[in-house]
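See below for the structure under consideration.
Since the structure is predicted, the reported quantities are computational estimates derived from the model, not experimental observations.
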Protein chains: 2
Amino acid sequence: MTINNNTFTGEYSYTLDVKGRINIPAKFRNDLTDDNEKSFVITKGMDSCIWVYPIIVWQNIEDELKKLSSLSNINRSFVRNTVRYASMVKYDKQGRIAITPKLIKYANLGKEALIIGMVNKIEIWDPGLLAKTDELSQKIDSSQFDELANKIIL
Amino acid sequence: MTINNNTFTGEYSYTLDVKGRINIPAKFRNDLTDDNEKSFVITKGMDSCIWVYPIIVWQNIEDELKKLSSLSNINRSFVRNTVRYASMVKYDKQGRIAITPKLIKYANLGKEALIIGMVNKIEIWDPGLLAKTDELSQKIDSSQFDELANKIIL
DNA sequence: GATAACTACCCACTGCTACCCATAATCTAT
DNA sequence: ATAGATTATGGGTAGCAGTGGGTAGTTATC
C-alpha cells in the first residue's frame with residue numbers, strides 16, 4: 001500500500017557499486033505506477049545532487065516547459081542546466097538503475113549514497129555534501145522556513 | 001465510542017521491544033478511520049520526539065508540499081527537511097508499528113516510551129526527555145499562553 | 001574484420017523484515 | 001464471579017531486499 005502514487009518520502013542509505021549502479025529503495029519502486037514501466041528520468045539537480053523523476057512526472061514538466069516562452073530567463077537556464085543532462089533509465093531485476101559517470105562526478109558520489117524522497121521526485125546525495133548543504137540553508141533562511149512551516153505543517 | 005475521528009488524546013506508557021516495535025494504544029487505533037488502512041506516517045517531531053500522523057492527514061501535507069516549486073532554494077530545503085525522515089508504517093496484527101533506528105536515536109528512546117495524543121497527531125517520547133521539556137516550557141512567560149487564549153476557547 | 005570495451009541481463013549469497021503464532025495480563029459482559 | 005474477548009509483549013521463520021559478480025551479445029576502435 002502506498003500513500004500517494006509516484007510520491008516519495010524518507011531517507012535511505014545505499015551503496016553505489018563499481019559498475020555505477022545503485023538500488024532504488026523497494027518502497028519507492030512500489031510507489032511507482034505501472035505506466036512508468038519501471039523507468040525514471042535522471043538528471044542534474046539544482047543542488048549538488050541527482051534528481052530522479054518518474055517518467056510520467058517528467059513528461060508533465062516537459063509539457064510545462066513547452067508552454068513557457070524562451071524569453072523567460074529562468075526557463076532558459078532551467079532547460080540548459082537540467083533538461084540537458086536528462087536521460088531515461090529502467091531499473092533491473094534487482095531494482096537498480098545505472099548512473100552515468102557525468103552525474104556521478106557532478107554529485108561527487110563515492111561508495112556511500114543517500115537517497116531521499118522529495119515528494120514528486122527522488123534525490124541522490126553524497127552524505128557529506130548533503131550535511132554541508134543542510135547546515136548552510138538552515139543558517140540562511142530560518143525565518144522563511146518558519147513561515148512555510150506555519151502554512152503547511154499541522 | 002470515539003469523540004472525533006482521527007483525533008487523539010491521553011497519555012500511555014508502552015515498551016519498545018528489541019526489534020524496534022511499539023504498540024499503538026488500542027484507543028488510538030479505534031479512533032483511526034478505516035480509510036487510513038491501519039497506517040500512519042512517522043517522522044521527526046520539532047522537539048526531540050517522534051510524530052505519528054494518520055495517513056489521510058499526512059496526505060494533505062504532501063499535497064501542499066507538491067505545490068512548492070523546486071526552483072526556489074528555500075522550498076527545496078524545506079521539503080527535504082520535512083519529508084526526509086517520514087515513512088509510512090502499518091500496524092501489525094498485534095497493533096504495533098516498527099520505528100526506524102534513525103528515529104529511535106533521534107528521540108533517544110530506550111525500553112520505556114510515552115505515547116501522547118496531540119489531537120490530530122500522536123507523539124512518542126522518552127519519559128525523561130519529556131519531563132525535562134515540560135519543565136522548560138513551564139518557565140516560559142505566561143503571556144504566551146494569554147496570546148493563545150485569544151485564539152482558542154477552552 | 002579482429003579485438004577491445006561496454007552494457008544489459010542473469011545468478012548467487014546474506015541479512016533483515018514482514019508476517020505468523022504463543023502467552024500472559026487486562027477488560028467486559030452476563 | 002467467571003468465562004470469553006481483547007490487549008500487550010515476546011519470539012520464530014519464510015521470503016524478499018540489497019549487494020556482488022559473471023557472461024553473452026552489442027557497439028566501438030583500429
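The aromatic rings of B/Tyr12 and B/Phe28 lie perpendicular to each other, with more than 60° between the two planes, well past the 30° mark.
For A/Glu37, the salt bridge (Lys or Arg N to Asp or Glu O under 4.0 Å) criterion is met by no residue, not counting sequence neighbours. Annotation: salt bridge (Lys or Arg N to Asp or Glu O under 4.0 Å) contacts of A/Glu64 (sequence neighbours excluded): A/Lys67. Under the ring pair (Phe, Tyr, Trp, His ring centres under 6.0 Å) criterion, A/Tyr106 pairs with no residue at all, not counting sequence neighbours. Under the rule for a ring pair (Phe, Tyr, Trp, His ring centres under 6.0 Å), A/Tyr14 has no partner lying at least two apart in sequence or in another chain. Residues satisfying the ring pair (Phe, Tyr, Trp, His ring centres under 6.0 Å) test with A/Phe40, not counting sequence neighbours, are none. The side-chain contact (heavy atoms from CB on, under 4.5 Å) search around A/Arg84 returns A/Arg80, not counting sequence neighbours. Checked against ring pair (Phe, Tyr, Trp, His ring centres under 6.0 Å), A/Tyr91 has no partners two or more places apart in sequence or in another chain.
Residues from residues 98-107 of chain A that place a heavy atom under 4.0 Å from any atom of DNA chain C: there are none. At a non-hydrogen distance threshold of 4.0 Å, nothing from residues 123-130 of chain B comes into contact with DNA chain D.
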Quiz: residues 128-135 of chain B side-chain donor-acceptor pairs under 3.5 angstrom, not counting sequence neighbours:
residue  : atom : partner  : partner atom : Å
B/Thr133 : OG1  : B/Leu129 : O            : 2.7

Using a cut-off of under 3.5 Å, enumerate the N/O to N/O pairs linking the protein to nucleotides 6-10 of chain D.
residue : atom : partner  : partner atom : Å
D/dA8   : OP1  : B/Tyr14  : OH           : 2.2
D/dA8   : OP2  : B/Asn23  : OD1          : 3.4
D/dT9   : O5'  : B/Thr15  : OG1          : 3.3
D/dG10  : OP1  : B/Lys111 : NZ           : 2.9
D/dG10  : N7   : B/Arg96  : NH1          : 2.9
D/dG10  : O6   : B/Arg96  : NH2          : 3.0

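Applying the salt bridge (charged side-chain N to carboxylate O under 4.0 Å, His left out) test to pairs two or more places apart or on separate chains, those with a residue in residues 91-117 of chain A are A/Asp17-A/Arg96, A/Asp92-A/Arg96.
Computed from coordinates, the B/Ile97 CD1 to C/dA18 P distance equals 12 Å when rounded to whole Å.
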